[in-house]
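Every value quoted in this text rests on a predicted model; they were computed, and no experiment measured them. In what follows, every heavy atom counts, from backbone to side chain, and hydrogens, waters and symmetry copies are set aside.
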Amino acid sequence: GVAREIAPGVGDAPATGRAPRPPARLPEHIQLRGVRTHNLRSVDVDLPRRAITAVCGVSGSGKSSLAFDTLAGEAWQRFSESLPFQVRRHMKRLARPELDRADGLGPVISLRQQQARAGQRSTVATQSELGPLLRLLFSRAGTLNGEPVELQAEHFSPDRAAGACTTCEGQGTVSRCDPARLVTDPSRPITAGAMDGTRVGKYLGEADGQFLATLRAAGPSVDWNLPFAELDEVAQELALRGAGSDEVLLVRWELAEGGQAGEGKGTHEFEATWDGMLALAEREAQRRVKQKSFISWAEPLAPGPCEDCGGTRLGPRARSVTLGGRTLPELLDLPVGRLLDELGSLELDGRQSPVLEALMPEVRERVGSLVSLGLGHLQLSRKSPTLSGGELQRTRLASVLRAGLAGVTLVLDEPTSGLHARDVEGLMGLLREFTAEGNTVVLVEHDPGVLRAADHLIELGPGAGDAGGEVVAIGAPSEVL
């Protein structure tokens, strides 16, 4: 054959012989012209790339309208318009910002506090991606009864069927009926309205219903016509929690008229066990979990720790695996700031140590970011919906900053909200690293320390609402402040 010289990294040249066109350089600024979104009054601004721009001003002056509704909003519109209609029709529709033009836009990531929602299963560990690292560590280095485990990382995830506790389906909590929510009027008998305050209670307490008939069979010597509050503790427990056995009862059911399931009028006999009103209420709600009426049927229910997994969310095998004497749930219950010390103190053997050493650089990096953002006090197992808007935004920010991105514009909503003054410097240090990697940061802020540390300031005002929407000052902090 005939040998051909190929330039390194180029491959086959086009038929024309012309070299590939180099990628276009992004302009030095993002230019927004004639912005009239909400209360903004034909605002013109230039946002320098690879720099931190802080947008400040009184509440209602138009800061979010500029940063989120215009900058991030226009980027979203252009991105969505590039997708096929079949995809766009399933995407969330946002109001189109009002402006004359926007030049130099690139990919935009916006983290806004009021939109910082998280799924019920999400935790600090999953948001920060420390959870996947720890699951990998336990799958490769964990032991069970002194022997290496043969489990995949997914077996340590409560979000996968292979690892989730079957009782709570990986939620860590189960809905249990609260006696106080079911017996809404203890001054009345259970046979005459004590449970009428909820839909399920009224159903279970029907005077001539099968449930009360079964209760009478379980406690034939109890006067169930007494007010519930006057029953002794044994009788109350029997009514609420059942007979505590699988004893089959012969139930005589006196039906004055047509029954709950179309039974005829008269006396009926059937066999049943008595599980108690609490269990019955839970069962009735569960039967309707996919129905619109579920909320009303579940009114007496309240979430509580799963009795089987103790809230760890994991199945019995995964939660029993240890590493240096510690289980995965024990490590996840630690505050973020203590994780490195705990991992460093584990006594590991020759098989386990190399696994931990290979993962530690990334673990250190992610823990360091969270601590620098003032999140070192958070437990890794803490559920994301319980975090404040500022905490959740910074948890997500930690992952964005460590994602190795370039050419991205990051828009933040008061990232110092809830942050201690001593941690502001750590936040700004991470944002500086992000811009040094070729990215741009635009943040809505009022913290004086952040404003002084920014590269560029845009102050909107002078007032709020109709009295705002104008650029009051723009430039370097030394010129504006």
Side-chain angles (χ1 to χ4, degrees), residues 26-80 92-116 389-390 393 397 400 408-417 428 431 434-435 439-448 450-477 479-481:
L26 289 171
E28 291 300 309
H29 294 82
I30 299 170
Q31 296 183 331
L32 303 177
R33 295 291 182 264
V35 182
R36 298 176 301 281
T37 307
H38 304 317
N39 69 328
L40 296 176
R41 301 184 180 186
S42 295
V43 166
D44 296 338
V45 293
D46 290 353
L47 306 172
R49 287 194 173 277
R50 299 177 295 281
I52 301 174
T53 296
V55 183
C56 60
V58 299
S59 179
S61 60
K63 304 184 295 297
S64 293
S65 297
L66 178 64
F68 289 95
D69 300 328
T70 302
L71 174 60
E74 181 65 16
W76 172 258
Q77 293 289 345
R78 295 189 184 185
F79 167 70
S80 62
K92 180 180 179 180
R93 293 190 177 186
L94 300 178
R96 184 117 206 182
E98 294 185 49
L99 73 164
D100 293 337
R101 74 174 199 272
D103 299 325
L105 279 179
V108 173
I109 297 174
S110 66
L111 298 178
R112 196 169 188 172
Q113 287 194 43
Q114 66 188 51
Q115 295 174 343
Q393 181 186 213
L397 174 60
V400 171
V408 166
T409 298
L410 177 62
V411 185
L412 300 175
D413 181 14
E414 297 188 12
T416 61
S417 176
M428 297 306 293
L431 294 180
F434 190 65
T435 57
N439 299 294
T440 303
V441 175
V442 177
L443 45 87
V444 172
E445 257 302 346
H446 63 273
D447 182 272
V450 173
L451 300 183
R452 286 192 297 269
D455 302 303
H456 190 68
L457 287 185
I458 299 174
E459 183 180 355
L460 297 177
D466 293 340
E470 298 179 2
V471 176
V472 174
I474 190 167
E479 300 170 355
V480 174
L481 297 178

### Query
Where is the tightest heavy-atom contact between V444 and A67, given as atom of each residue plus distance?
CG2-CB, 3.7 Å

### Query
Applying salt bridge (charged side-chain N to carboxylate O under 4.0 Å, His left out), which residue pairs with at least one partner in residues 70-79 are found, sequence neighbours left out?
E74-R78, E74-R96

### Task
Starting at CD1 of I52, measure out to CG of N439 and round the result to the nearest 0.5 Å.
11.0 Å

### Message
Nearest 0.5 angstrom please: I458 CD1 to I474 CD1, how far?
### Response
4.5 Å

### Query
What residues form a side-chain contact (heavy atoms from CB on, under 4.5 Å) with T416, not counting sequence neighbours?
L419, V424, L427, E445, D447, V450

### Query
Closest approach of S417 and Q113, non-hydrogen atoms and distance?
CB-NE2, 3.2 Å

#### Entry: Straight-line distance of I30 CD1 to L105 CG, nearest 0.5 Å
6.0 Å

### Query
Considering the options D100, V471, L99, L71, which one meets the side-chain contact (heavy atoms from CB on, under 4.5 Å) requirement together with V35?
L99

### Query
Which residue pairs pass the side chain to side chain donor-acceptor pair (under 3.5 Å) test when at least one of the two sits in residues 454-464, sequence neighbours left out?
R432-D455

### Task
Could you give me the CA-CA distance, side-chain angles and deciding distance for V108 and W76, then say whether side chain to side chain contact (heavy atoms under 4.5 Å, CB included) is met?
CA-CA 8 Å; V108 173; W76 172 258; over 6 Å; no

### Message
If the condition is side-chain contact (heavy atoms from CB on, under 4.5 Å), which residues does A54 pass it with, not counting sequence neighbours?
### Response
L443, L451, A454, L457

### Message
Can you pull out every side chain to side chain donor-acceptor pair (under 3.5 Å) where at least one residue sits in residues 460-475? Sequence neighbours excluded, please.
### Response
R41-E470

### Query
Side chains of T409 and L47: does their closest heavy-atom pair fall under 4.5 Å?
no

### V55 vs V442, side chain to side chain contact (heavy atoms under 4.5 Å, CB included): CA-CA, chis, key distance, verdict
CA-CA 7 Å; V55 183; V442 177; 4.1 Å; yes

### Minimum-distance pair of heavy atoms, taken over all atoms of P97 and Q77
CD-CG, 4.2 Å

### Query
Which atom pair, heavy atoms only, marks the closest approach of V400 to F434?
O-CE1, 4.0 Å

### Query
Quick one: side-chain contact (heavy atoms from CB on, under 4.5 Å) partners of A476, sequence neighbours excluded?
S478, E479

### Query
What pairs with E28 under side chain to side chain donor-acceptor pair (under 3.5 Å), at least two apart in sequence or on another chain?
R50

#### Entry: Partners passing side-chain contact (heavy atoms from CB on, under 4.5 Å) against R33 (at least two apart in sequence or in another chain)
Q31, D44, D46, R101

### Query
Can you list every side chain to side chain donor-acceptor pair (under 3.5 Å) pair that touches residues 52-70, not counting sequence neighbours?
T37-T70, H38-D69, D69-R112

### Query
In Å and rounded to the nearest 0.5 Å, what is the CG to CG distance from L397 to L412?
5.5 Å

### Task
Considering non-hydrogen atoms only, spot the tightest contact between A467 and P462 and give its length.
O-CD, 3.3 Å

